[in-house]
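Encoded as structure tokens, the structure appears first; notes follow it.
Worth knowing before you read on, the calculation uses all heavy atoms, side chains too, and leaves out hydrogens, waters and symmetry mates.
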Amino acid sequence: PTPPLATPAGPNTQALWDASAPYLTAIMELPFIRALGDGTLRREDFLFYLEQDAYYLVRYARSLHALGGAWAEDANEAIADEQEMQRTWLADLDRETLPSPVTRAYTDFLLASTLGEPAAIGQAAVLPCYWLYYEVGARLAKRNHDAHPYRDWLATYAGDEFLASVRGAIDRCERTLADDPDALDDAVRACAVASRYELDFFDQADRAWVIRDV
């Protein structure tokens, strides 16, 4: 598997990373990600992605609050910063934002995992949104520059503050699985499903024109 830039905290999170790594490879090859990195991404496709992400983050925050503790603190702090960035970009948008089928399915999965499953499963389900986002952002960061049209996005997901949140999430997952080793197989499965949804979430922006017409 592709080695992560944010390292696992032990054997349990190594197993979770092994489930996510193939999806990172696929994400980095997406036309959306390539164009985002080099700054040629169409503005309307980026806005579609941000619209979907704004809807996603509201339900993701609910999932983190369901996990409680430091997860809920992340929902109040880190997600608030992301939402502020979205509000800046979407301030002039005059259409209602509706969730795409991918966005709805992903957030339904996260809520089901965090509200109806053991903590180890819920934490593994929310982890890819931390870990994969950082891995993507950190890999694109070297292409950032002052004139890059999406410099704020690249800087946010490659920044030290976000990395600190990612490391905290990885550490918590490691500890939870150490206390509940029988949950590892199900946690790996939940992490893999969420990682696949991350791939689909990025990929849907390349088909935004089809989704808008539904």
*More than 12 heavy atoms of other residues, nucleotides or ligands under 6.0 Å from CZ of Arg196: is that the case?*
no

*More than 12 foreign heavy atoms under 6.0 Å from CD of Gln14: is that the case here?*
yes

Separation of [Y] [atom2] from [X] [atom1] (nearest 0.5 Å):
{"X": "Arg43", "Y": "Leu50", "atom1": "CZ", "atom2": "CG", "result": "9.5 Å"}
{"X": "Arg167", "Y": "Ile170", "atom1": "CZ", "atom2": "CD1", "result": "6.5 Å"}
{"X": "Arg62", "Y": "Leu57", "atom1": "CZ", "atom2": "CG", "result": "13.5 Å"}
{"X": "Ser20", "Y": "Leu199", "atom1": "OG", "atom2": "CG", "result": "11.5 Å"}
{"X": "Leu24", "Y": "Arg139", "atom1": "CG", "atom2": "CZ", "result": "5.0 Å"}

When you measure from the side chain of [X] to the backbone of [Y], do you find a donor-acceptor pair of N or O atoms at a distance under 3.5 Å?
{"X": "Thr103", "Y": "Pro99", "answer": "no"}
{"X": "Trp131", "Y": "Trp17", "answer": "no"}
{"X": "Glu135", "Y": "Pro4", "answer": "no"}

*Do Leu132 and Leu5 belong to the same hydrophobic cluster, where Ile, Leu, Val, Met, Phe, Trp and Tyr are linked whenever their side-chain heavy atoms lie under 4.5 Å apart, directly or via other members?*
yes

*Given the rule that I, L, V, M, F, W and Y join up when any side-chain heavy atoms are under 4.5 Å apart, are Leu30 and Leu36 in one cluster?*
yes

_Test applied, ring pair (Phe, Tyr, Trp, His ring centres under 6.0 Å); reference residue, Tyr150; option that passes from Tyr49, Phe46, Tyr157, Phe32_ = Phe46

*Among Phe202, Phe162, Phe201, Tyr56, which residue meets the ring pair (Phe, Tyr, Trp, His ring centres under 6.0 Å) test with Tyr133?*
Phe202

_Please verify the inter-ring angle class for Tyr197 with Tyr106; under 30° counts as parallel, over 60° as perpendicular, anything in between as tilted._
parallel

*Give me the ring orientation class for His148 and His145: parallel if the planes are under 30° apart, tilted from 30 to 60°, perpendicular past 60°.*
tilted

Side-chain donor/acceptor pairs under 3.5 Å, residues 112-130, sequence neighbours excluded:
residue	atom	partner	partner atom	Å
Ser113	OG	Phe109	O	2.8
Thr114	OG1	Leu110	O	2.8
Thr114	OG1	Leu111	O	3.4
Gln123	OE1	Thr176	OG1	2.9
Gln123	NE2	Thr176	OG1	3.2
Tyr130	OH	Asp74	OD2	2.7

Looking only at non-hydrogen atoms, find the nearest pair between [X] and [Y] and report the distance.
{"X": "Arg143", "Y": "Gly37", "result": "CB-O, 3.4 Å"}
{"X": "Ala19", "Y": "Ala192", "result": "CB-CB, 4.1 Å"}
{"X": "Ile33", "Y": "Val136", "result": "CD1-CG1, 4.1 Å"}
{"X": "Thr13", "Y": "Cys173", "result": "CG2-CB, 3.9 Å"}

Considering only heavy atoms from C-beta outward, does the side chain of [X] approach that of [Y] to under 4.5 Å?
{"X": "Pro8", "Y": "Leu16", "result": "no"}
{"X": "Glu51", "Y": "Leu98", "result": "no"}
{"X": "Asn144", "Y": "Leu140", "result": "no"}
{"X": "Trp71", "Y": "Arg172", "result": "yes"}

